[in-house]
Amino acid sequence: QVQLVESGGGLVQTGGSLRLSCSTSGRASTNYAMGWFRQAPGKEREFVAAISRSGASTYYVDSLKGRFTISRDNAKNTVYLSMDSLRPEDTAVYYCAFSYIPFGNDLLAPKGYDGWGQGTQVTVSS
């Protein structure tokens, strides 16, 4: 059984940066694609970014391109989300998820994923 644990969230000022980590256990991370989602209070969970098993392919939501970067280190079974130029509207709980789908548009929605981490809070102060 695959388990995911996010870390790296916290409180940051507008314009600051954070790097979230998602460590996986249970199976080698090369067996699945990974994604990051976020959910703000009162809003639906929204797609942020996804990365293929090898890391060669990535997807981003258009509104975050250039500020957020997804990457992975399969030797460490860890996926990262680097976030720069943070804004108050980036405040949310950030979740990582894994998918047995190799890659593709199905990874843009929560239903494309087979398991989730517990989430990590990111708060951006104005």
Side-chain angles (χ1 to χ4, degrees):
Q1 184 176 359
V2 178
Q3 294 184 329
L4 308 178
V5 178
E6 301 99 333
S7 61
L11 175 64
V12 64
Q13 292 185 334
T14 296
S17 298
L18 283 174
R19 189 177 78 159
L20 306 182
S21 299
C22 175
S23 61
T24 67
S25 61
R27 293 186 65 183
S29 62
T30 50
N31 285 286
Y32 29 83
M34 298 291 295
W36 284 97
F37 286 74
R38 68 184 183 182
Q39 189 167 17
K43 295 187 177 182
E44 294 185 352
R45 191 167 298 190
E46 64 172 348
F47 172 77
V48 173
I51 190 166
S52 63
R53 295 173 178 177
S54 67
S57 300
T58 56
Y59 274 145
Y60 295 93
V61 65
D62 287 344
S63 60
L64 297 178
K65 285 181 181 178
R67 293 198 300 123
F68 286 21
T69 304
I70 190 171
S71 60
R72 66 191 300 164
D73 185 338
N74 285 336
K76 296 182 178 180
N77 291 327
T78 301
V79 176
Y80 304 98
L81 183 69
S82 297
M83 307 183 293
D84 297 319
S85 302
L86 284 164
R87 305 166 181 170
E89 54 264 38
D90 295 318
T91 295
V93 178
Y94 284 71
Y95 298 90
C96 69
F98 76 92
S99 174
Y100 291 116
I101 299 171
F103 204 61
N105 289 338
D106 287 344
L107 295 180
L108 303 181
K111 65 181 181 180
Y113 292 83
D114 298 286
W116 297 82
Q118 83 288 349
T120 185
Q121 176 71 46
V122 172
T123 303
V124 184
S125 64
S126 58

Over all atoms of both residues, closest heavy-atom pair of [X] and [Y]:
X	Y	result
Ser99	Gly112	OG-O, 2.7 Å
Gly8	Leu18	O-CD2, 3.8 Å
Ser21	Thr78	CB-CG2, 4.2 Å
Leu107	Ala50	CB-CB, 4.2 Å
Leu11	Ser125	CD1-CB, 4.2 Å
Tyr60	Ile70	OH-N, 2.8 Å

Under 3.5 Å, is there a donor-acceptor pair between the side chain of [X] and the main chain of [Y]?
X	Y	result
Glu6	Gln118	yes
Thr58	Ile51	no
Tyr32	Ala97	no
Ser126	Pro88	no
Arg53	Phe103	no
Thr24	Asn77	yes
Arg72	Gly55	no

How long is the gap from [atom1] on [X] to [atom2] on [Y], to the nearest 0.5 Å?
X	Y	atom1	atom2	value
Ser82	Arg19	OG	CZ	6.0 Å
Glu46	Gln39	CD	CD	9.5 Å
Ser17	Phe68	OG	CZ	9.5 Å
Asp106	Lys111	CG	NZ	7.5 Å
Trp36	Cys22	CH2	SG	5.0 Å
Thr14	Leu86	OG1	CG	8.5 Å

Is there side-chain contact between [X] and [Y], with at least one heavy-atom pair below 4.5 Å?
X	Y	value
Leu4	Met34	yes
Asn105	Tyr59	yes
Asp73	Tyr80	yes

Item to complete: Could you tell me how the ring of Trp116 sits relative to the ring of Tyr113: parallel (under 30°), tilted (30 to 60°) or perpendicular (over 60°)?
Response: tilted
Practice prompt. If the plane angle is over 60° it's perpendicular, under 30° parallel, otherwise tilted; pick one for Phe47 and Phe37.
Written response: perpendicular
Worksheet item: Would you call Arg87 and Asp90 a salt bridge, using N to O less than 4.0 angstrom?
Response: no
Item to complete: Would you please test Arg38 and Leu81 for side chain to side chain contact (heavy atoms under 4.5 Å, CB included) and show each step?
Response: CA-CA 12 Å; Arg38 68 184 183 182; Leu81 183 69; over 6 Å; no
Worksheet item: Are Tyr100 and Leu108 in one and the same hydrophobic cluster, where Ile, Leu, Val, Met, Phe, Trp and Tyr link if side-chain heavy atoms are under 4.5 Å apart?
Response: yes
